[in-house]
Structure formats: structure tokens, C-alpha cells
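In this chain, numbering begins with 1 at the start of the sequence shown.
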Amino acid sequence: MIEKRKKWFGLLLMCLLLCTLCVPVSAASKLSRLQVKGTKLVNSSGKTVQLRGVSTHGLSWYPEYVNQSAFTYIKKNWKVNAVRLAMYTAEYNGYCTGDAANQRKLEKYIDNGVKYATNAGLYVIIDWHILSDGNPKQHQKEALKFFKKMAKKYKNNTNVIYEICNEPNGGTSWNTIKKYAEKIIKGIRTYDKKAVILVGTPNWSQDVDQAALSPIAKKYRKNVMYTLHFYAATHKQWLRDKAQTALNKGLPLFVSEFSICDASGNGGLDKNEAKKWLTFLDKNKISYMAWSLSNKAESSALIKSNCSKTSKWTSGNLTAAGKWITSWYKKKK
């Protein structure tokens, strides 16, 4: 009788083990929730994390690159750990200039992008991509409503980061940006108490030294970083000096957009200056996102304009910038 019970118990254990093995597992284990400590990003264990990734171009114009195969491919083959979803606000079919149907379409692209990034094991930045609307307060009402909606939806996602104003410009002061940022941060924190939030800085996210003199109010400051953008052929040592000044004052920086051409997104490449930049960022553990995952006919696009593939790119499908940047990422992994 005892032997029979042992036999049945053994069979039961084996069945339980087989059932466990058959349970479907998510394509990616849950990523550690990030937080800001000093000038650095850290994971839940307090270990410094540096994100290296790519930004999409405008979701209205190049939505085809937001797909599961592409995100899984760049994670595995380019060794990136983050992707940025660039949603223009004021340009053609921007979130604030298109109709309600267009807004729903853009929100669906973001929803898919977050899902695909999560499945691929990537952190994902939801980018409120102001550009021609240089003052973020121009569409503050829409931004507040949008980010409250996003925060409510993704509050349990440990991999979502909010970028609340891409590149303030046109003489918009840091004081104006700061007032806008504090309103949007307060709105996000209504639902999402912990996610990292990225705040743009004056002059196309270059004047981080100004932000360092008067950061976001202390009650809104937790898990907030400040964006620095550079294009290597235009922005050189003088901008790295601004970055160093900000770091010296304890300002946490995040490069949410860069390329190795000039500031127009086109023109010749400056690989020597690009190397100086990325070496500086790696030394200081500053995260960076390359512009852009698209086949637009310009130097900063990672994919050649004659390539129609939206995933599984060969080296021959990449532009000179695409080859250089992906080579750097692979080397740094």
C-alpha cells in the first residue's frame, strides 16, 4: 500500500512539473523599475543602469517601424535596451493638429509600441515631441490630458518612461519650461508615482546648465531627469562643457536624442566628434537614444532610403550612420 502511494505521489509530482513547463512564459521577464539616484539611473537593486537605444521618427509618418519583429530584432542584434516613440505634437498630423481620429491612431501606435517593447525586453520612452510649437505651454492642456491618460494606463509597467517636452526652442525660457513641467509631473504623479520623467531644456534641449541653476521644485523632483540633445557635426566640446557643468551641480542628464551628422539631421558625419561624445556619456553613465529608426532620405536615418524592410536588416540595409551607431552599441554590450 505504501509503495503504491509512493508511486502515485511520484506520478503526481511529474505531472505538476510537466504542467509548469507547459505554462506559456512572456517573451520578456519583467524589467526592473528604474529610479534616479544622484545623476544616475539605477535599478531596484541600486545598480547603475545606462540605457542605449534608438528613437523612432514621427509616428504619423513612419509607423511601420513600430512592430514586434523590429523591436525584438534591435534588442537581439543591435544590443539596444530601450526604444523611444516620437509623437510629434504640432506638425502635419501631429497629436495637437490632427483630428480626433488621428489622435486615436497615434495612441494606438503608442499602445502597440509599449506592448512590443515590453515583449522584447526593452525600456520604452513615450515622447511628447514638440518642435515647431517651441513653447510647451502652447499645448499644455492637451499634454496634461494625454500624460494623465498614459500614466493611468501604464502605471504598472516598470519599463515606461515619460518625456514631456522634446525640444523647447524659439527663445522659450527655462522658467517657462519649468512651470509647464511641474504641472505635467503633478498630473502624471496622480496615477504613476514612480516612473522616470524626462524634462526638455531650453534651446532644443541644450541649455542644461540653466536648468542646473534652478531645478524642478523639490516636491516634483523625484525620478526626474533633464534632456540633452546633440548632433555631433554641430555640437562639440562647448556643449559637453555645458553638460559637465550641469553634472557638477548634480543635475541628472538623459540624452533622449542624438546623431552623428549636423543639427538639421542631414549633412556629413563627424565620427571623430561622435566618438568623443559617446565616450563622455559612457564615462558618466548617461543614457542615449539614436535618431532615427526610419528610412527617411537624410543622414541621421539608420535605414537606407531604398530599403523597404521594416525588420531584420542586414549591414547593407543600413546607412553610414546606422552602421557606425549599431557597431558602437554592439561593441559596448
Handout entry: Joint cluster assignment, Ile188 & Ile216, ILVMFWY side-chain distance < 4.5 Å
Key = yes
Practice task
Group every Ile, Leu, Val, Met, Phe, Trp and Tyr by side-chain heavy-atom contacts under 4.5 Å, then state whether Ile126 and Trp61 land in the same group.
Solution key: yes
Handout entry: ILVMFWY cluster, Val42 and Leu31 together (side-chain gap under 4.5 Å)
Key = no
Problem - Modelled atom types, side-chain donor and acceptor of Thr310 and Glu64, under 3.5 Å - result: no
Handout entry: Any side-chain heavy-atom pair of His129 and Tyr95 under 4.5 Å
Key = no
Problem - Asp133 versus Thr89, side-chain donor and acceptor atoms under 3.5 Å - result: yes
Exercise for the section: Measure from the side-chain N and O atoms of Asn169 to the backbone N and O of Glu167, and report whether any donor-acceptor pair falls under 3.5 Å. Expected result: yes
Handout entry: Distance-only polar pair, side chains of Thr314 and Asn317, donor-acceptor under 3.5 Å
Key = yes
Handout entry: Inter- and intrachain pairs under side chain to side chain donor-acceptor pair (under 3.5 Å), touching residues 34-48, at least two apart
Key = Ser32-Ser44
Practice task
Using distance alone, with no hydrogens and no angle criterion, decide if Tyr288 and Asp282 have a side-chain donor and acceptor under 3.5 Å apart.
Solution key: yes
Practice task
Using modelled atom types only, decide if a donor and an acceptor are shared between the side chain of Asn119 and the backbone of Tyr116 within a distance under 3.5 Å.
Solution key: no
Exercise for the section: State, yes or no, whether a side-chain contact exists between Phe258 and Ile325 at a heavy-atom distance under 4.5 Å. Expected result: yes
Problem - Donor + acceptor pair across side chains of Ser55, Arg84 (<3.5 Å) - result: yes
Handout entry: Pairwise side-chain contact, Arg52 with Trp78, heavy-atom cut-off 4.5 Å (strictly under)
Key = no
Practice task
Compute whether any side-chain donor of one residue and acceptor of the other, for Asn295 and Tyr62, lie under 3.5 angstrom apart.
Solution key: no
Exercise for the section: Report yes or no: do Asp111 and Tyr154 form a side-chain donor-acceptor pair below 3.5 Å? Expected result: yes
Handout entry: Modelled atom types, side-chain donor and acceptor of Glu257 and Tyr231, under 3.5 Å
Key = yes
Problem - Contact check, side chains of Ser60 and Leu106, non-hydrogen atoms, under 4.5 Å - result: yes
Handout entry: Flag side-chain contact, heavy atom, 4.5 Å: Trp238 against Lys242
Key = yes
Completion exercise
Tyr162 meets the ring pair (Phe, Tyr, Trp, His ring centres under 6.0 Å) criterion, sequence neighbours left out, with none
Practice task
Would you check if the side chain of Thr56 reaches a backbone N or O of Leu85 as a donor-acceptor pair within less than 3.5 Å?
Solution key: no
Handout entry: Close side-chain approach of Thr326 to Val54, heavy-atom, < 4.5 Å
Key = no
Problem - Any side-chain donor near an acceptor of the partner, Ser69 and Ser311, under 3.5 Å - result: yes
Practice task
Verify the distance criterion only: is there a donor paired with an acceptor across the side chains of Ser264 and Asp262 at less than 3.5 Å?
Solution key: yes
Problem - Heavy-atom side-chain contact between Val36 and Arg221 under 4.5 Å - result: no
